[in-house]
Amino acid sequence: MKHLLLLAAASLSVAATPKPAPKPEPARILIAGDSTVQTYAAERYPQGGWGQFLACGLSGDALVINRAIGGRSTKSFINEGRWDRMMSEVRPGDTVLIQFGHNDATKAKPERFADPAMYRDNLLRFIWETRGHGAFPVLVTPVARRSFDTAGKARADFAEYSAVMRELAATTATPLIDLEGASRNLLDRMGADRAVVYYMNLAPGAYPAFAAGLKDDTHFTEVGARTMADLVAEQLSGLSVPAAKAVLAQRPDLERTTPLGKYACH
């Protein structure tokens with residue numbers, strides 16, 4: 001009898017031992033966007049997109065799946081099947097960052113052009129379908145170009161499109177990263193001359209991929225792409241989405257003021 005009582009007590013003790021909490025799943029971020037966001041191959045150095053460096057500001061187990069591609073708008077991203085393919089990759093709990101506007105505004109290219117009303121409809125589709133997959137959409141206003149007015153203030157070249165995004169964020173309770181606002185503030189602080197290091201203004205012969213040189217105030221150098229990724233990470237950290245917890249408090253790999261010379265984090 002005593003033996004049976006001891007066995008029963010041992011069983012109760014085992015049953016009462018709490019099981020360890022399951023390890024949280026690593027944060028996953030999927031990105032839809034254009035050439036200012038996309039990942040570039042090594043032979044295109046020093047051109048980079050902010051989506052290419054975002055993982056450098058996240059905890060090591062976080063995963064960034066960057067589906068941004070140059071020359072795309074909300075319209076062409078849908079029409080080419082890229083959005084549907086991205087949705088086939090989405091898992092419940094993922095965070096989906098969405099930045100378009102640069103190419104939606106290109107009236108000269110009808111395959112890209114989406115007026116603000118169409119842009120709004122396309123973004124609504126992105127929001128509802130992302131939520132339908134159990135994931136979390138985040139709207140990202142179009143990043144600023146190196147474009148200054150006569151008073152020396154950075155312009156909002158895609159103001160109509162950013163306004164649509166902000167309105168949708170409010171009416172659909174969708175988190176917003178105001179990258180246009182943050183990047184314009186940065187450009188205002190830097191001024192046009194100092195901000196040139198962020199954009200693809202290259203001297204002839206400086207880089208094999210751009211032997212003839214380049215003057216481009218839309219696309220980013222390595223330093224520019226890291227800097228814009230830092231602005232995204234900073235705002236992402238304050239949102240109520242799963243990926244927010246993966247943002248590092250200190251992000252030295254995104255705060256570089258001199259190029260590393262490659263696309264690696266460090």
Checklist entry - Relative to each other, are the rings of Tyr161 and Tyr119 parallel, tilted or perpendicular (30° and 60° limits)? => result perpendicular

Checklist entry - Between Arg82 and Glu80, is there a salt bridge with N-O shorter than 4.0 Å? => result yes

Checklist entry - So, Glu25 and Arg91, do they make that salt bridge, N to O below 4.0 Å? => result no

Checklist outcome for this item: Quick note, side-chain hydrogen bond (donor to acceptor under 3.5 Å, both in side chains) partners involving residues 239-251, not counting sequence neighbours, are Asp230-Arg251, Glu234-Arg251

Next on the checklist: Tell me every residue that passes salt bridge (Lys or Arg N to Asp or Glu O under 4.0 Å) with Asp157, counting only those two or more places apart in sequence or in another chain.
Outcome noted: Arg145

Checklist entry - Mind checking what makes salt bridge (Lys or Arg N to Asp or Glu O under 4.0 Å) contact with Arg155, not counting sequence neighbours? => result none

Next on the checklist: If the test is side chain to side chain contact (heavy atoms under 4.5 Å, CB included), which one of Val241, Leu63, Leu30, Ile65 qualifies with Asp94?
Outcome noted: Leu30

Checklist entry - Given Glu89 and Arg67, is the salt bridge (charged side-chain N to carboxylate O under 4.0 Å, His left out) satisfied, shown in steps? => result CA-CA 11 Å; Glu89 299 179 87; Arg67 298 305 180 215; 2.6 Å; yes

Next on the checklist: Are Trp50 and Phe220, when compared by the centres of their aromatic rings, separated by less than 6.0 Å?
Outcome noted: no

Checklist entry - Hydrophobic clusters join Ile, Leu, Val, Met, Phe, Trp and Tyr when side-chain heavy atoms are under 4.5 Å apart, directly or via other members; which others share one with Leu260? => result none

Item to check | Remaining members of hydrophobic cluster (4.5 Å side-chain criterion), Phe210 | outcome: Tyr40, Tyr45, Phe53, Met200, Leu202, Tyr207, Leu214, Leu254, Tyr263

Item to check | Residues that Tyr198 engages under ring pair (Phe, Tyr, Trp, His ring centres under 6.0 Å), provided they are two or more places apart | outcome: none

Checklist entry - Which residues pass the ring pair (Phe, Tyr, Trp, His ring centres under 6.0 Å) test with His219, sequence neighbours left out? => result none

Checklist entry - Any side-chain donor paired with an acceptor under 3.5 Å for Thr74 and Asn122? => result yes

Checklist entry - Do Asp216 and Asn201 have side-chain N/O donor and acceptor atoms under 3.5 Å apart? => result no

Item to check | salt bridge (Lys or Arg N to Asp or Glu O under 4.0 Å) pairs, two or more places apart, involving residues 252-266 | outcome: none

Item to check | Selection residues 183-208 - residue pairs positive for salt bridge (Lys or Arg N to Asp or Glu O under 4.0 Å), sequence neighbours left out | outcome: Lys153-Asp188

Checklist entry - Tell me, which pairs form a disulfide (SG to SG under 2.5 Å) where one or both residues lie in residues 230-266, sequence neighbours left out? => result Cys56-Cys265

Checklist outcome for this item: Residue pairs passing the disulfide (SG to SG under 2.5 Å) test with at least one member in residues 113-200, sequence neighbours excluded, are none

Next on the checklist: Please evaluate residues Arg166 and Asp178 with respect to the criterion salt bridge (charged side-chain N to carboxylate O under 4.0 Å, His left out), reporting the C-alpha separation (whole Å), side-chain torsions for both, the decisive distance (0.1 Å), and the verdict.
Outcome noted: CA-CA 8 Å; Arg166 294 184 185 108; Asp178 189 2; 3.0 Å; yes

Which pairs would a plain distance check flag for residues 131-140, meaning a side-chain donor or acceptor within less than 3.5 Å of a matching protein atom at least two apart in sequence or in another chain?
from   : atom 1 : to     : atom 2 : distance (Å)
Arg131 : NH1    : Thr172 : O      : 3.1
Arg131 : NH2    : Thr172 : O      : 2.9
Arg131 : NH2    : Ala173 : O      : 3.1
Arg131 : NH2    : Thr174 : OG1    : 3.0
His133 : ND1    : Glu129 : O      : 2.8

